[in-house]
Engineer: 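To start, I am sharing the structure in question, which I have written as structure tokens.
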Protein chains: 2
Amino acid sequence: MRKRLRRPTHPGGILRRHYIEPLSMTVSGLAAVLGVSRKTLSEIVNEHASITPDMALRLSKAFKTTPELWLNMQRNYDLWQAAHKSDDWKLVEAVAV
Amino acid sequence: MRKRLRRPTHPGGILRRHYIEPLSMTVSGLAAVLGVSRKTLSEIVNEHASITPDMALRLSKAFKTTPELWLNMQRNYDLWQAAHKSDDWKLVEAVAV
DNA sequence: TATTAGTGTAACCCTTATGGTTACAAATGT
DNA sequence: ACATTTGTAACCATAAGGGTTACACTAATA
């Protein structure tokens, strides 16, 4: 397992650059398609909020992807953040087998 | 992508049956090793709380696994719950390409 | 049998997350 | 010049996460 050195891209950034912009969609328009408020989607694409399981399901329907695609990106992002927020977890010793 | 028919096993159940019990550990003991409260771990192994990124890092150190192992189990569980909690997301239409 | 260790969980605290509405200033497009 | 789009603040409500203390219950053991 390679350790990730740089902060993984936030899934909101991917959503914006790889989906919204290439398709010339608006944030407002996509929010309507997804059935969520404009604020909720705006915070995601500006990388201030997370992809929740419910949002992953909506995105998977809208863009014919798997919900896992979005949740894995979010997981990688969250994991990196947790690993760098504190060093506490590094003090955990391996359990003797 | 196969659709999961039954609720995926909660990672807390796996932790209890595949790690704690085979190693004859106690919940209290493992909580101490992990550096979290007994309550926090107890709620997880009784499937009343989630594996957070921080907890996944601690478990990965204790049991020499990847943190992704635990987070993927949690993701599958959460995704199944979200998909069955409401049908709203099913109303989302695919975006025209 | 009396005692101890381990457990599940309630009650309580505090902090953070999620998502909605409304409103407004700034930017962009026609 | 006007309309659309945007980011985000302010505000609300609900839920999640984790800690402490306390208590009743179970299981093992001196």
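Predicted, not measured: the structure shown is a model, and the values here were computed from it. Note on naming: letters A, B, ... go to the chains in the order of the sequence lines (proteins, then strands), and numbering restarts at 1 for each one.
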Engineer: Phosphate oxygens OP1/OP2 of dT7(C): is one of them under 4.0 Å from a side-chain N or O of Arg16(B)?
Structural biologist: no
Engineer: Rounded to the nearest angstrom, tell me the gap between atom CG in Asp78(A) and atom C1' in dA16(D).
Structural biologist: 14 Å
Engineer: Does Thr52(B) put a side-chain nitrogen or oxygen below 4.0 Å from OP1 or OP2 of dG18(D)?
Structural biologist: yes
Engineer: In whole angstroms, how far is the P atom of dG6(C) from the CE atom of Met25(B)?
Structural biologist: 12 Å
Engineer: Ignoring hydrogens and angles, tell me if any N or O in the side chain of Ser86(A) forms a donor-acceptor pair with the backbone of Asp88(A) under 3.5 Å.
Structural biologist: yes
Engineer: According to a hydrophobic-cluster definition based on side-chain heavy atoms being under 4.5 Å apart (Ile, Leu, Val, Met, Phe, Trp, Tyr only), do Val33(B) and Ile14(B) belong together?
Structural biologist: yes
Engineer: How long is the line joining CD1 of Ile44(A) and C1' of dT6(D), in whole Å?
Structural biologist: 16 Å
Engineer: Apply ring pair (Phe, Tyr, Trp, His ring centres under 6.0 Å) to residues Trp70(B) and Tyr19(B) and explain how you reach the verdict.
Structural biologist: CA-CA 12 Å; Trp70(B) 301 98; Tyr19(B) 291 85; 5.2 Å; yes
Engineer: From the set dT6(D), dT21(C), dG18(D), return the single nucleotide nearest to any side-chain atom of Lys39(B).
Structural biologist: dG18(D)
Engineer: Measure NZ/Lys85(B) against P/dG19(C) and give the value in whole Å, please.
Structural biologist: 10 Å
Engineer: Reckon Ser42(A) has a side-chain N or O less than 4.0 Å from the OP1 or OP2 of dT8(D)?
Structural biologist: no
Engineer: In whole angstroms, how far is the P atom of dT5(D) from the CD1 atom of Ile20(A)?
Structural biologist: 13 Å
Engineer: Under 4.0 Å: is that the gap between some side-chain N or O of His48(A) and OP1 or OP2 of dT8(D)?
Structural biologist: yes
Engineer: According to a hydrophobic-cluster definition based on side-chain heavy atoms being under 4.5 Å apart (Ile, Leu, Val, Met, Phe, Trp, Tyr only), do Ile51(A) and Val27(A) belong together?
Structural biologist: yes
Engineer: Just to confirm, is there a sub-4.0 Å distance from OP1 or OP2 of dG20(C) to any side-chain nitrogen or oxygen of Thr40(A)?
Structural biologist: yes
Engineer: Any salt bridge between Asp78(B) and Arg75(B), counting N to O under 4.0 Å?
Structural biologist: no
Engineer: Between the side-chain atoms of Arg38(B) and the base atoms of dG8(C), is any donor-acceptor pair under 3.5 Å?
Structural biologist: yes
Engineer: Return the value, rounded to whole Å, for the distance between atom CD of Glu47(A) and atom P of dT18(C).
Structural biologist: 15 Å
Engineer: Verify the contact: side-chain N or O of Ser50(B) to OP1 or OP2 of dA16(D), cut-off strictly under 4.0 Å; return yes or no.
Structural biologist: no
Engineer: Give one of base, sugar-phosphate or nothing for Arg58(B), where a contact means two heavy atoms less than 4.0 Å apart.
Structural biologist: nothing
Engineer: Output the rounded distance in Å from CG (Asp88(A)) to C1' (dG18(D)).
Structural biologist: 13 Å
Engineer: What is the distance, to the nearest angstrom, from the CE atom on Met55(B) to the P atom on dG19(D)?
Structural biologist: 7 Å
